[in-house]
Each structure stands twice: as structure tokens, then as C-alpha cells.
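These notes are about the structure you will find just below.
Numbered from 1 within each chain, the chains take letters A, B, ... in sequence-line order.
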Amino acid sequence: MNIVENFDLYAPRLINKKELLSSGHRACSGCAEVLAVRLMAKALGENTVIASATGCMEIVSSMFPTTAWNVPWIHVAFENAASVASGIEAGLKALRKKGKIDDRYVKVVGMGGDGATMDIGFQALSGAMERGHDMIYVCFDNEAYMNTGIQRSSGTPMGASTTTAPAGKVSSGQKTWKKNMPEIMVAHDIPYVATACPSYPLDFIRKMEKAKSIKGPSYIHCFSVCPTGWRCPSNQAISMGRLAVETGVFPLYEVENGHYRLSPDMPKKLKPIKDYFKGQGRFRHLSAEEIDTIQGKVTTEFKKLTEKAKFLK
Amino acid sequence: MAKRIGMEVAVAVAEAVGLCDIDMAAVYPITPQSHIAEHLSDLVADGKIDAEFVTVESEHSAMSAVIGASGAGARSYTATSSQGLMYMHELLPIASAMRLPITMAIANRAVSGPLNILNDHSDIMPQRDSGWISIFVENAQEAIDMSIIAFKIAENKDVMLPVNINIDGFQLTHMVEPFEMPTQEEVRNFLPPFVPHATLHPAKPVTMGAFAMSDYFPEIMKAKDEALKNSKKIILEVWDEWAKMFGRAYKPVETYKAEDAEVLMLTMGSMGETAQMAIDELRAKGVKAGLVKLRLWRPFPFAEIKAAVKNAKKLIVTDRAVSFGGPGGPVFSEVKSALYAEAQRPVIYDYIYGLGGRDVPVGDFVGMFERVLADTANKEVDTYEFWGVRE
């Protein structure tokens, strides 16, 4: 029985009914990222403090004097969500220890987009993870600087056309491979790293809950389809996320204390990446040859991952 | 009763902060601030301070972390210098806009380039408009007193603004000076626990750092400006309270032999004590010289400055930073504009001196006075002058 097809049956038992990110925010229609943020908040529950980087999710949820947040939330700047979260964690820890606040356990979460995480906030994130703060960092990766208008980041995949790495007469869009951020986090030797996608809500929620249960730093890399930036219909955000997983472009896995595990949602046999590319305007210019090259890389990377899962169980 | 002791100033500042029941400190090492950071970490390691000590990977993260901790309701402290302060720059107006009572020591040091580790004020001057309360200290005693006082000012419910304490790098931070260190009990009596009005805690969820466009942004800026201006009243009250408890009185502007002075000099920071010796030397020669020391840089003490200089014929403003291509040093611009509308005011001269740690002995201050006294034209000079700089 497919759990997603029977969602109505399972959902009330599996998902927190409380909305901690309320409706009425200003996200684009079909935004998979804001859905992911909503699921994240549900998974974390009320005893959570969130530090957000500048970006889409900050802009759409906190237009003064309104807020969409029903949990404590702070935004300071673009590159420092992880540092701010680490400071909140340290502050709350001291206050709790000294009896200045009630002794409930509060999880501190830093969040940012791919630019805020993989580019400008990379150092702050590395520092916070290395220092071992009891916090979660979630990267909502929509593969470009969407808030400023679809400029390329180090999370943009090879070949994607963006406003600063456009496809042109002599260029095929992004010229570099996507930075493997989850692996960089694994290299920090933190207790828990996972990839997730809101197209697989139960998998995502389970991973968030696991991260919440872990004392110490954890990192979730959440693949977040952006119909606006990827030039795909807004009603296809969920299916596009599933295709990214099914083609191995964005494999779902987790690494717990160095042990790799592919998520049960991963198919035994991958679909060809052209199935995933064809629905997106950002890949429209790619030649069959170029798609083959990218296919080769995706296959190799996925093989590397399955080998790790085999030998680092 | 506090004993009179001797100690390196940076270490003493950390000791003083250690008396303030801080909950959290985040620091990144930079010369000449490092001794503050190191000694604070010693105090935490020895269990003398019950605080989280976060050794961040940059000054940007130091300020980010104290913003987070302060937002969570923790009494939070940091210290930096020069490039570190420049790296924090982006976050300073955010800390003040969020009305977070962070306190920060700045071991003032020249800003690159070229790289230089010695003292001037070029690091703090670019932070002037960030909405922080900004205080300059002259000696060890002041550095210690202000380090404690800063928390009480910042956390006052009618202030709720961050405070920076400017301590001249090396020239003050690395000196061994005698001072009285207040006792733990005295500080406890002076400084009440921090009671934040809103915190990042699930008990009462709040949103901090919201996004505001043109429909609210100007009002928020005006509110911040008014908050900073209004903080002066509280600063004066807290200084009075300190004077009553500890017998050491502080004012936004201090004067030395200024009452009947015909020529005044204005200094900020540790140079004041050297300039004071020059005044004594000149007075001995019969020159009616006097000194004005500017302690409170923000909010700027307009009334006190006007009152302090109004009877003088000439005023020498000294600057330890350059506003390149501008009207003069930053202190000069400020003082001159403060006096612009005054019917009775001195002719104002500007000397930029002591850059990148260049030594300024007593004789140099005497020289500035002599140069100004020799100017018989008595006309407002349009330009500033670099003192003691090779052509």
C-alpha cells in the first residue's frame, strides 16, 4: 500500500496538525520551498526557535507589521543564520543552566537558501557545525538566488540557465557542477546529515524529527523546487521533486554518525535525467550530447553514494 | 571597599566584565583585543564566570552570535578591534534597530591598508552612524568603570540599545595602570539582572528582524534616532548613580583648566592625559591653555560641547582618523557643525595626528598650541592639517 496515496488516512496521525507557519504568507504559487518550511515547522513543534537567513522564505513570511510565524523567529542578515542560531543556542543554554528561564528543551534551527548556505554563509555554517552547537541547520536548496531574480549559485546544477549564467549563442548556462554540500557537512563529522525533499513529506518529517532528537549539530539539505526560477508549471512542483529523486539527480539519504543509508523511497532503477530535464525551461537549451555528459556524472555520483551505503552501513 | 591594584588594562576589562554576571560572550581573536578575549576565557575556564563562551570563526559571527544570544534574553558581550570591527559593520545597525543591549569593547586600532596593528580611531569612525551608544575612555579606571556601567545603560528599559566602549589599542589596552576594581558585591548592588521585554523563547513567540519597506522603514529609523538621543538622559543618571556609589563622577565632556582658557584643545581617548601635561607646561609659561575631553561620542553631547568652548578664542580639535576628501577629521566635522549656529564661538583648527600608532609626545601638543597661537589672522581655516607627517 502506497503511503502517499493513502495520505488522508495516515496524515492526521503522522503530522502535527498545528500550523506553525501560517497561511497568508507571500510565497509564489506552487512554491515547494514554503511547503518544505511548513512541514519542517510541523515536524519540529512549538519548542523551537528559528534563525532565518535573508531570502525568499524571510521576505514572504515577515512583512512588517505582519508575521506568518507562530514560533520564535529571527532574521539578522544573509550570511549568518548559522551564527545567529549558534548564539541563540548558547544564550538559551546559559539561561537554562542559571535558572533564568524554564527548563524545557528548546531546539534552535538555522535556515537559509542555497546561496545563504553554500556561498555567502558557508563559513558561518562551517563554524557553527564545527563548534558542536546543539542545533539543526536546514538548507532549502532551490538551486539559484531566486529572491534576487534567479542568479547562479554554487548550488545551481550544470547546464541550468540562470540570469547570471544564461544560455546564449556560445554558452550552455551553468558551467560548473553543483557543490556537494551534504558531503561537506559529513566531512564536519557531525552526528547527523540528511537530504530531503517535500515531495516525500513523511521521509522529510522523519528526518527532521531525527535531527531534533539528536544532541549536537545536524544538517538537512532540502531540495526545494522553484517553478518560477526553473520555468516549470506551478502545479508540477511536487512531481518535479519526485523526478529529481527518481532520476538520481537528488538522491535521498542520511548519514548518521558516519553511517550512510539510502532512503526507502529511492527507486531500485533510476529513470533517465532527460525525464526530469524536459519539463523545465532552465534546461531547454541543452543538446542531447550535453545531457549525456550530465547523465554520466549523475550515474557516477549515484554509484559512489550506493557504494558508501554498502561499505559504510 | 575596593583595593587599589595594578594590572594590564585589557585583563582588567575582562575582570570587570566578569563581575557583571554575563550569560554569554562570543569573541574572535584580533590584536590588540586578544588579551580581553583570552582573560575572559580564563575566567570561564576557572568557573569564575558562569557563561557560555563561544569561540566563533569570525567577527561577523561574533556579532551575529551575540545578536542571537541577546535576542534570546542573555546578557551578551563581545570585544574586537580594527578589521574585526569593519567585518562586523554590516550587523551593527541591525543590533541597534533590534534594540538589543549588547556591550562591546573596542581596542581601537588603525584600519588597513597598509596593515597596521597600532592605535588610532579609524576603526570606530566608520561605525559612527550605526545607532550605538559610543563612549571613549582615557585610562584604566575609566575602562573598568565604563565596562560595568555599559550594561546598566544598555539594558535600561528606556534605552535598550547596544553600547561600545572605545579603549585605545596598546596605548591603553596593554598598559599596566593602577586602579580600583569594584568588588563583586558592589557590582551586584549597582547592576540589576537583565529583564528583556521580549525574547526568542517558545513561552511567548515573537518575530524579530522583520522585513519592512517604505511604508514603515522611515518611522523605524526615526524611532531609532529618538531612542539614541533619549538615551543621554539615562546615561547621565547612571553616571550619577555610579558617582554616588563609587565616588568617581563622569560627564559627557570633561574639561581641564578650561574655565578661563583662551585656547582650548579637544581630545578623545587616552591622548587626553598627555595633552593635560602640555596644558600644565603652557600654563607655567603663562599661556591660557585648556583642555576639553569628549567622552560621549554618540549620542553627541551638543549642549555640553557648546558650553565648554564658548568663552575660548581658539579651539584645536584633534582627530585620530581621516575622512578622505572630506572637510576634516570626523571629530572636527562634528564639533564644527555643533558650533555653526553659535553667535559666540572660537576659531576652530583641526590637527590629524597619531595615525597608525605614531607617537605623540607632550611636546607635539605644545607645538600645536604654539602654531595656533602664532596664527594672527584669526580666520576660520578651511583645511585640516596632518600633524608631524613627512612631506
Side-chain angles (χ1 to χ4, degrees), chain A residues 20 26 45-52 54 58-98 100-102 104 106-108 110 121 123-128 130-131 133, chain B residues 21-26 28 49-76 78 90-91 93-95 97-98 100 102 193-196 198-213 215-217 219-220:
Chain A
L20 297 171
R26 293 162 162 81
E46 284 166 307
N47 288 323
T48 306
V49 179
I50 295 175
S52 174
T54 308
E58 173 255 334
I59 296 294
V60 304
S61 68
S62 77
M63 178 68 97
F64 189 83
T66 67
T67 179
W69 292 99
N70 284 318
V71 288
W73 180 93
I74 184 171
H75 159 254
V76 180
F78 197 1
E79 68 279 52
N80 64 350
S83 321
V84 174
S86 78
I88 297 168
E89 189 265 347
L92 290 176
K93 192 171 165 190
L95 293 172
R96 208 160 40 230
K97 191 173 153 214
K98 291 163 117 172
K100 293 180 181 176
I101 53 172
D102 65 47
R104 80 176 86 177
V106 176
K107 197 77 184 190
V108 181
Q123 168 187 312
L125 174 61
S126 178
E130 170 273 321
R131 292 193 296 274
H133 294 276
Chain B
D21 189 29
I22 58 166
D23 300 310
M24 184 270 197
Y28 186 78
I49 305 180
D50 191 6
E52 285 295 309
F53 189 76
V54 185
T55 49
V56 280
E57 85 300 330
S58 71
E59 289 89 354
H60 197 279
S61 283
M63 185 47 62
S64 302
V66 292
I67 286 173
S70 186
R75 183 175 281 166
S76 309
T78 188
E90 180 200 15
L91 303 164
I94 302 175
M98 285 195 192
L100 297 172
I102 294 158
F194 171 36
V195 185
T199 65
L200 295 166
H201 191 273
K204 189 172 181 276
V206 293
T207 288
M208 291 187 185
F211 170 58
M213 292 294 271
D215 48 353
Y216 283 98
F217 192 87
E219 284 73 21
I220 295 168

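Separation of atoms CG (Asp21(B)) and NZ (Lys100(A)) is listed at 4.0 Å; rounding is to 0.5 Å. Note that CD1 of Ile67(B) is 7.0 Å distant from CD1 of Ile74(A), once rounded to the nearest 0.5 Å. The distance from the CZ atom of Phe211(B) to the OG1 atom of Thr66(A) is 10.5 Å, given to the nearest 0.5 Å. Rounding to the nearest 0.5 Å places CE of Met63(A) at 14.0 Å from OG1 of Thr207(B). Summarising the geometry, atom CD1 belonging to Ile59(A) is positioned 8.0 Å from atom CE belonging to Met213(B); distances are rounded to the nearest 0.5 Å.
Taking both residues in full, the closest heavy atoms of Gly209(B) and His75(A) are given as O-ND1, 3.2 Å, listed atom of the first, atom of the second, then distance. Between Leu91(B) and Ala77(A), the shortest heavy-atom distance links the atoms CD2-CB, 3.9 Å. For the pair Trp73(A) and Leu200(B), the tightest heavy-atom approach, listed with the atom from each and the gap, is O-CD2, 3.7 Å. Scanning both residues, Thr48(A) and Pro202(B), for their nearest heavy atoms gives N-CG, 4.0 Å.
A salt bridge is absent between Asp50(B) and Lys98(A); no separation between the charged side-chain nitrogens and carboxylate oxygens falls under 4.0 Å. Checked for salt-bridge contact, Glu57(B) and Arg131(A) meet the test: a charged N lies under 4.0 Å from a carboxylate O.
Only the backbone of Ile22(B) comes within contact range of chain A, judged by heavy atoms closer than 4.5 Å. Residue Ser126(A) does not touch chain B at all, counting heavy-atom pairs closer than 4.5 Å. With a 4.5 angstrom heavy-atom cutoff, Val66(B) does not touch chain A via any of its atoms. Contact of Ile101(A) with chain B is made through the side chain alone, with heavy-atom distances under 4.5 Å. Using a 4.5 Å cut-off between heavy atoms, Ala212(B) touches chain A through backbone and side chain atoms alike. Contact of Gln123(A) with chain B is made through backbone and side chain together, with heavy-atom distances under 4.5 Å. Residue Asn47(A) touches chain B through both its backbone and its side chain, counting heavy-atom pairs closer than 4.5 Å. When heavy atoms are compared at a cutoff of 4.5 Å, Val106(A) approaches chain B solely by way of its side chain, counted from C-beta outward. If you measure heavy-atom distances from Met24(B) to chain A, the contacts under 4.5 Å come from the side chain alone.
Ranked by non-hydrogen atom pairs under 4.5 Å with chain B, the options Glu46(A), Glu89(A), Glu79(A), Glu58(A) are led by Glu79(A). Across Gly91(A), Ala128(A), Ser86(A), the residue that shares the most heavy-atom pairs under 4.5 angstrom with chain B is Gly91(A). Here Ala203(B) is the residue among Ser76(B), Ala203(B), Ala51(B), Ser58(B) with the most heavy-atom pairs under 4.5 Å with chain A. The most heavy-atom pairs under 4.5 Å with chain A, out of Met63(B), Arg75(B), Met98(B), Lys204(B), come from Met98(B).
Side-chain N/O atoms of Ser64(B) and Ser83(A) include no donor and acceptor closer than 3.5 Å.
Formation of a donor-acceptor pair under 3.5 Å by the Ser61(B) side chain with backbone atoms of Ala124(A) is not found in this model.
Within a 6.0 Å radius of NZ in Lys107(A), other residues, nucleotides and ligands contribute more than 12 heavy atoms.
You'll find the side chain of Tyr216(B) reaches within 4.5 Å of the side chain of Pro65(A), heavy atoms only. You'll find the side chain of Arg104(A) reaches within 4.5 Å of the side chain of His201(B), heavy atoms only.
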